[in-house]
Asks: 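Dumping the structure here so I can ask a few things about it.
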Amino acid sequence: MKRRNLLKMPMAAAAVALMAGGAMAQDETTVIGVSIPSATHGFMGGLNWHAQDTIDRLEEAYPNLDFVLSTAGDPGKQVSDIEDMLATRNIDGLVVLPFESEPLTDPVKMVKEAGKFVTVVDRGLAEEGIEDLYVAGDNTAFGRVAGEYFRDNLDAGAKIVVLRGIPTTLDNERVEAFQAALEGSDKEILDMQHGNWNRDDAFNVMQDYLAKYPEIDAVWAADDDMAIGVLEAIAQAGREEEMVVVGGAGMKEIVSRIMEGDPQLPVNVTYPPALISSAIEMTALNFVSNAPVTGRYIISSQLITPENAEQYHFPDSPF
Amino acid sequence: MKRIDLHVLGPLIALVALFILGALLNPAFLAPANLSNVLARSAFIGLIAVGMTFVITQGGLDLSVGSMAAFLAGVTIMAMNGLAGVTGENWGTIMLGMGVALAGGAAAGFVNGALITKARIEAFIVTLGTMGIFRSLVTWLADGGTLSLDSGLRSIYRPVYYGGIGWITWPIITFAIVAVLGEWVMRHTRFGRHVEAIGSNDRVARYSAVDVERVRLMTYVLLGLLVGLATILYVPRLGSASGSTGVLWELEAIAAVIIGGTALKGGRGRVWGTVVGVLILSMIDNILNLTDLVSPYLNGAIQGVIIVLAVVLQREKRAAE
């Protein structure tokens with residue numbers, strides 16, 4: 001008796017779901033898939049937060065929009081996510097931040113060939129012309145703005161050490177732009193090592209820099225997570241007075257210290273995790289408005305100074 | 001004539017060679033401040049690796065320790081931030097936080113051990129599962145960002161990592177004490193002998209009236225406790241924990257154990273060898289940062305080569321024996 005009841009329940013649920021599905025089809029619900037890397041470090045944590053926040057807001061504002069968010073820890077998982085979205089969720093549009101360019105190119109191309117609207121965020125695909133909309137931060141400007149700040153504000157002969165990210169083309173673009181901005185100036189880059197956008201690794205590398213070089217005037221930690229590790233290593237060595245630290249991406253703790261005018265942290269360079277919001281919003285606009293949204297949208301990197309820091313401070317974001 | 005046990009010398013020779021290489025390449029290598037940094041950094045992996053030596057010696061494995069450390073660090077920080085409102089910003093709160101880390105570590109180790117011994121699931125599978133669980137939990141607790149200790153508590157807690165007796169800081173002292181105790185337990189206690197017996201042949205051990213499941217369970221609890229202890233030393237360093245804390249620590253700990261001469265298939269454990277293994281790994285990192293010998297892209301490759309070489313050195317010595 002009991003068993004029969006239990007068997008009936010899923011059938012009833014399926015019937016309800018079918019009816020609901022039929023009702024939704026009448027309203028012409030648009031489904032947008034969002035595929036992003038999982039929150040494994042500060043920047044991606046912020047990006048995940050902004051993605052979820054934007055989706056919640058848009059779903060409330062447009063009842064006809066439905067979002068499918070998936071986060072992946074590696075390119076393989078991300079490819080599966082996208083295949084699932086196409087096969088089972090019947091998406092009309094896809095917003096994707098490729099974990100890596102090469103492996104994601106073909107799967108995203110398949111989505112495009114199926115006639116869907118494709119938005120690519122931040123890291124480009126290996127092949128040109130697949131996506132309808134490209135939204136990205138400006139990695140070249142990210143490195144250049146920091147380099148120019150050092151070129152214009154450090155004393156002649158100043159010595160700089162650099163903490164790079166994870167070895168990627170994106171990291172290369174930033175570092176090359178940084179070097180180009182300093183080229184021909186009287187500032188010297190002493191050393192460059194990979195801190196992997198990780199505060200523990202950055203702490204270790206900075207400790208070693210401090211042991212190796214008796215004179216360091218400035219540190220470019222190309223990410224605020226690394227800047228935290230760097231600041232801690234400098235504090236341990238008691239050399240806070242000697243050098244300035246410039247991070248990047250605008251972590252809220254760092255921005256608030258810039259607001260307070262901390263002499264050790266004069267400026268920061270933006271690379272907003274909220275760029276995912278721009279991408280999702282513009283993709284949604286394609287379906288709910290007549291505004292043209294195809295093309296390339298590059299969010300430039302700004303210098304955060306004590307004067308303008310307040311507008312880059314997001315206390316609710318985890319980053 | 002005293003017979004020289006050649007195969008135990010492999011890792012020691014590698015360590016001495018590295019030490020000389022480091023000193024030749026950059027004089028800053030031998031400065032007390034640098035040695036202190038390297039030793040203190042080694043302490044986290046070192047404490048975990050001592051525990052891992054027992055687990056591997058009994059024929060088990062634990063892949064979850066890096067994630068477990070991140071999770072414990074997150075929980076400890078949240079507990080201290082929460083308690084500060086009740087008990088105030090003082091050493092009492094920090095001691096409670098330390099208690100949370102140790103109790104949490106023991107509990108996490110117990111869960112791993114119980115699933116392996118009571119539910120009889122392969123250690124590799126259980127800890128692969130809990131590795132994912134702990135990592136997700138800390139990311140979830142931190143809302144994808146970073147959990148930070150309140151600044152008042154941090155300034156009280158900070159000396160636990162940075163302070164000490166002269167340049168010999170507390171992490172170094174703790175690591176040394178744990179290593180000596182670990183070696184003693186492995187060599188001179190019944191527990192240590194049982195661990196080795198189970199690792200070399202668990203059926204014979206069972207027939208010899210050794211409570212195999214209990215000893216196995218205890219090695220995981222011991223490892224969990226040591227992960228908790230490592231967390232206690234880790235939290236004051238950066239005062240934060242995130243999803244990227246402790247990534248790949250499990251592999252570093254396992255590598256250190258194997259470099260040190262403990263057999264991956266169990267039965268022979270050498271805690272002092274593990275200490276040497278840990279020092280080798282962190283010294284390579286340090287030397288590569290202090291010199292510009294190779295492209296930083298190749299750091300991982302150099303480390304890999306030295307790991308394999310250290311083990312090859314051991315194998316050859318053993319064959320010659």
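Chain naming here is simple, since letters A, B, ... match the order of the sequence lines and numbering starts at 1 in each. In what follows, every heavy atom counts, from backbone to side chain, and hydrogens, waters and symmetry copies are set aside.
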Asks: Which atoms of Leu288(B) come close to chain A, meaning under 4.5 Å heavy atom to heavy atom: side chain ones, backbone ones, both, or neither?
Replies: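 It is the backbone, since no side chain atom gets that close.
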Asks: Which heavy atom of Ala211(A) sits nearest to which heavy atom of Ala28(B), and what is that distance?
Replies: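 In this case the closest contact between Ala211(A) and Ala28(B) is O-CB, 3.3 Å.
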Asks: With a 4.5 angstrom heavy-atom cut-off, is it the side chain or the backbone of Met251(A) that approaches chain B, or both, or neither?
Replies: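 For Met251(A), neither part sits under 4.5 Å from chain B.
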Asks: Can you list the residues that meet the side-chain contact (heavy atoms from CB on, under 4.5 Å) rule with Ala108(B), with sequence neighbours excluded?
Replies: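 Expected list: Met68(B), Phe134(B).
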Asks: Return the set of residues passing side-chain contact (heavy atoms from CB on, under 4.5 Å) with Val230(A) (not counting sequence neighbours), or none when no residue passes.
Replies: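 side-chain contact (heavy atoms from CB on, under 4.5 Å) list for Val230(A), sorted by chain: Leu163(A), Ala202(A), Met206(A), Val219(A), Ala221(A), Ile234(A), Val245(A).
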Asks: Counting only heavy atoms closer than 4.5 Å, note whether Ala237(A) contacts chain B via side chain, backbone, both or neither.
Replies: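 For Ala237(A), no heavy atom lies under 4.5 Å from chain B.
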Asks: Between chain B and chain A, going by a 3.5 Å limit, which atoms form donor-acceptor pairs, if any?
Replies:
residue	atom	partner	partner atom	Å
Asn37(B)	OD1	Gln207(A)	NE2	3.1
Asn37(B)	OD1	Gln236(A)	NE2	3.3
Arg41(B)	NE	Asn204(A)	OD1	3.2
Arg41(B)	NE	Gln207(A)	OE1	2.9
Arg41(B)	NH2	Asn204(A)	O	3.0
Arg41(B)	NH2	Gln207(A)	OE1	3.1
Arg41(B)	NH2	Asp208(A)	OD1	2.6
Thr146(B)	OG1	Arg199(A)	NH2	3.4
Arg154(B)	NH2	Glu232(A)	OE1	2.8
Arg154(B)	NH2	Glu232(A)	OE2	3.3
Arg158(B)	NE	Glu232(A)	OE2	3.1
Arg158(B)	NH2	Glu232(A)	OE2	2.7
Tyr234(B)	OH	Asp200(A)	OD1	3.1
Tyr234(B)	OH	Asp200(A)	OD2	2.6
Arg237(B)	NH2	Asp200(A)	OD1	2.8
Ser240(B)	OG	Arg199(A)	NH1	2.6
Ser244(B)	N	Thr40(A)	O	3.3
Ser244(B)	O	Asn198(A)	ND2	3.3
Asn286(B)	ND2	Asp208(A)	OD1	2.6
Asn286(B)	ND2	Asp208(A)	OD2	3.3
Asn289(B)	O	Lys212(A)	NZ	3.4
Asn289(B)	ND2	Asp208(A)	OD2	2.9
Leu290(B)	O	Lys212(A)	NZ	3.3
Asp292(B)	OD1	Lys212(A)	NZ	3.0
Tyr297(B)	OH	Asn172(A)	OD1	2.9

Asks: Any idea which heavy atoms bring Gly229(A) and Leu238(B) closest together, and the distance?
Replies: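 Scanning both residues, the minimum pair turns out to be CA-CD2, 3.9 Å.
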Asks: Which residues satisfy the side-chain contact (heavy atoms from CB on, under 4.5 Å) test with Ala256(B), sequence neighbours excluded?
Replies: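 If we apply the side-chain contact (heavy atoms from CB on, under 4.5 Å) test to Ala256(B), skipping adjacent residues, the hits are Ala49(B), Val278(B), Leu281(B).
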